[in-house]
Amino acid sequence: MTAYLIKNARVLGGEPADLLLRDGVIAEIGTGLDAADAQVVDAQVVDAQGLIALPGLVDLHTHLREPGREDAETVESGTRAAAMGGYTAVHAMANTDPVADTAGVVEQVWRLGREAGYCDVQPVGAVTVGLRGERLAELGAMADSAAAVRVFSDDGHCVSDAVVMRRALEYVKAFDGVVAQHAQEPRLTEGAQMNEGEMSAALGMRGWPAVAEEAIIARDVLLAQHVGSRLHVCHVSTAGSVEIIRWAKSKGCQVTAEVTPHHLLLNDELAASYDPTYKVNPPLRTADDVTALRHALADGTIDIVATDHAPHPVEAKETEWAVAAMGMIGLETALSVVQEAMVETDLLDWAGVAERMSFGPARIGRLSGQGRPLEAGSPANITLYDPSPRRAVDPTAMASKSRNTPYAGMELPGRVVATFLRGRATVLEGKLQ
């Protein structure tokens with residue numbers, strides 16, 4: 001394996017330092033490391049002047065579509081996109097075809113990730129058989145499988161039956177698992193097309209009320225507290241949800257929460273274009289919700305950023321709004337959006353970004369080899385990021401098989417220059433290796 005000497009990187013945005021990567025770990029970190037020294041003479045030098053060194057990013061919420069929808073994404077194409085976005089690990093959601101509700105399917109996804117080699121792929125197991133919300137899936141078998149599943153979610157569907165949700169929360173306690181809930185009361189969102197509010201009324205679209213999300217979160221934090229189990233709330237989108245999660249944490253509930261990059265930057269006014277690129281579940285909310293989400297991420301009420309990368313083929317998005325698929329891709333733009341929404345607004349520093357995009361997701365997902373401090377002896381999972389350039393997002397230049405990005409043509413800051421997975425460069429000089 002090639003050794004790398006990274007020179008003058010600003011670790012977590014701090015003072016410049018040199019990092020020697022050898023045999024999959026950070027062998028040494030300090031200043032003045034010289035490529036002529038005996039211990040680093042064979043190392044490839046990477047000039048990181050002006051670059052920020054972050055621990056490899058970890059996504060708790062990625063849709064890789066394989067098996068079943070390889071026309072939208074594959075494990076290989078999705079992990080190539082992840083590497084280009086600075087990610088060294090992603091959690092692959094269970095809503096594939098067949099559904100990842102058995103040990104066999106999660107092991108298939110896990111092995112595909114190992115074969116692709118661009119980042120670690122940790123499968124998420126379904127909570128219920130076929131995502132139907134009726135009968136628990138093989139949670140224990142998936143936990144005991146080679147994939148060692150610890151996160152379970154019916155994402156795309158809410159576990160709306162309170163009894164089933166309670167049983168799932170009780171079951172995962174046996175192996176320190178977590179249930180990640182897609183909070184959407186289905187009876188309140190039948191036929192809903194966008195956020196319920198002034199914009200939906202003006203556009204004549206059926207509204208998706210905030211209470212449909214908030215009611216499920218309120219129920220689930222009480223269930224989690226009752227059984228003493230871990231709950232994770234997917235893609236929080238409303239100010240009301242933030243307040244419920246804040247209250248739950250104050251009461252000692254074992255609840256964590258995520259927000260997507262698009263809910264930190266975009267709002268429901270974009271629906272006025274009738275461009276289905278902006279159709280997503282949960283929907284884009286109001287500007288006030290965006291502000292509340294940013295502050296909740298800054299103060300720790302919301303723990304992490306997760307992309308909810310949701311690729312779709314062209315024909316599923318380039319159609320009229322009412323029949324278009326819901327979802328946006330986000331792996332390759334996430335760090336830039338977080339810089340724009342959180343760093344440029346002085347709500348987070350780069351150490352805070354590392355906590356919310358690497359340390360925190362790895363901790364929730366129980367990934368021991370990811371989300372580690374950048375120090376000697378740690379696995380060499382590293383992202384080198386240049387925060388200075390601004391660029392227009394070009395969907396055609398993306399590694400994902402799909403093009404449904406809401407940022408097409410938008411100018412965003414920063415770019416990932418290099419990504420290292422256990423000391424091996426998956427991206428170097430902005431190019432896949």
Side-chain angles (χ1 to χ4, degrees), residues 60-61 91 93-106 123-145 149-192 208-238 240-241 243-258 281-282 303 308 364-366:
L60 202 67
H61 193 147
H91 288 72
M93 280 294 172
N95 56 343
T96 51
D97 184 14
V99 171
D101 56 5
T102 65
V105 178
V106 296
V124 173
V127 176
T128 66
V129 175
L131 309 178
R132 290 190 290 271
E134 299 168 355
R135 180 165 54 92
L136 290 185
E138 299 177 3
L139 307 185
M142 289 187 280
D144 291 339
S145 72
V149 176
R150 289 297 178 269
V151 182
F152 299 86
S153 180
D154 277 3
D155 184 61
H157 301 271
C158 178
V159 182
S160 58
D161 187 310
V163 174
V164 174
M165 187 62 179
R166 174 182 174 167
R167 288 174 179 162
L169 288 165
E170 289 172 331
Y171 200 113
V172 300
K173 288 176 64 179
F175 40 80
D176 192 29
V178 61
V179 179
Q181 175 70 291
H182 174 112
Q184 176 192 351
E185 169 50 63
R187 291 167 294 181
L188 292 175
T189 57
E190 289 183 10
W208 188 306
V211 71
E213 174 175 303
E214 296 157 7
I216 294 294
I217 296 174
R219 183 202 72 178
D220 286 353
V221 294
L222 293 173
L223 286 174
Q225 183 182 44
H226 180 67
V227 304
S229 188
R230 291 201 298 143
L231 169 72
H232 180 73
V233 184
C234 296
H235 40 49
V236 174
S237 70
T238 78
S241 296
E243 292 308 311
I244 295 166
I245 294 164
R246 184 173 286 127
W247 173 87
K249 288 189 171 187
S250 76
K251 298 299 182 182
C253 296
Q254 296 183 72
V255 57
T256 54
E258 71 190 34
N281 180 354
D303 301 82
D308 194 9
I364 294 167
R366 299 300 194 252

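Every value quoted in this text rests on a predicted model; they were computed, and no experiment measured them.
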If the condition is side-chain contact (heavy atoms from CB on, under 4.5 Å), which residues does [X] pass it with, not counting sequence neighbours?
X    : result
A180 : V151, S153, H232, C234
S160 : C158, P186
S237 : E213, H263, P282, R285
A218 : I244

Checking N95 against H157: is there a side-chain donor and acceptor pair closer than 3.5 Å? no

Ion pair present between D303 and K249, side-chain N to carboxylate O less than 4.0 angstrom? yes

Please confirm whether the backbone N or O of [Y] pairs with a side-chain atom of [X], one donor and one acceptor, at under 3.5 Å?
X    : Y    : answer
Q181 : V159 : yes
T238 : S241 : yes
D101 : V129 : no

Within this structure, what is the CD-CD1 distance for the pair E185 and I217, rounded to the nearest 0.5 Å? 12.5 Å

Report yes if the side chains of [X] and [Y] come closer than 4.5 Å at any heavy-atom pair, otherwise no.
X    : Y    : answer
Y171 : V179 : no
V105 : V99  : no
Q254 : L169 : no
L223 : L231 : no
D220 : V233 : no
I364 : L60  : yes
H182 : M93  : no

Under 3.5 Å, which donor-acceptor pairs link side chains of residues 133-144 to any protein atom two or more places apart or in another chain?
none

On the 0 to 90° scale, with breaks at 30° and 60°, tag the H61-H235 ring pair as parallel, tilted or perpendicular. tilted

Enumerate the residue pairs fulfilling salt bridge (charged side-chain N to carboxylate O under 4.0 Å, His left out) with a member in residues 156-180, sequence neighbours excluded, ordered by first and then second residue. R166-E170, D176-R230, D176-R366

All heavy atoms of V106 vs all of G125, minimum pair found to be CG1-CA, 4.4 Å

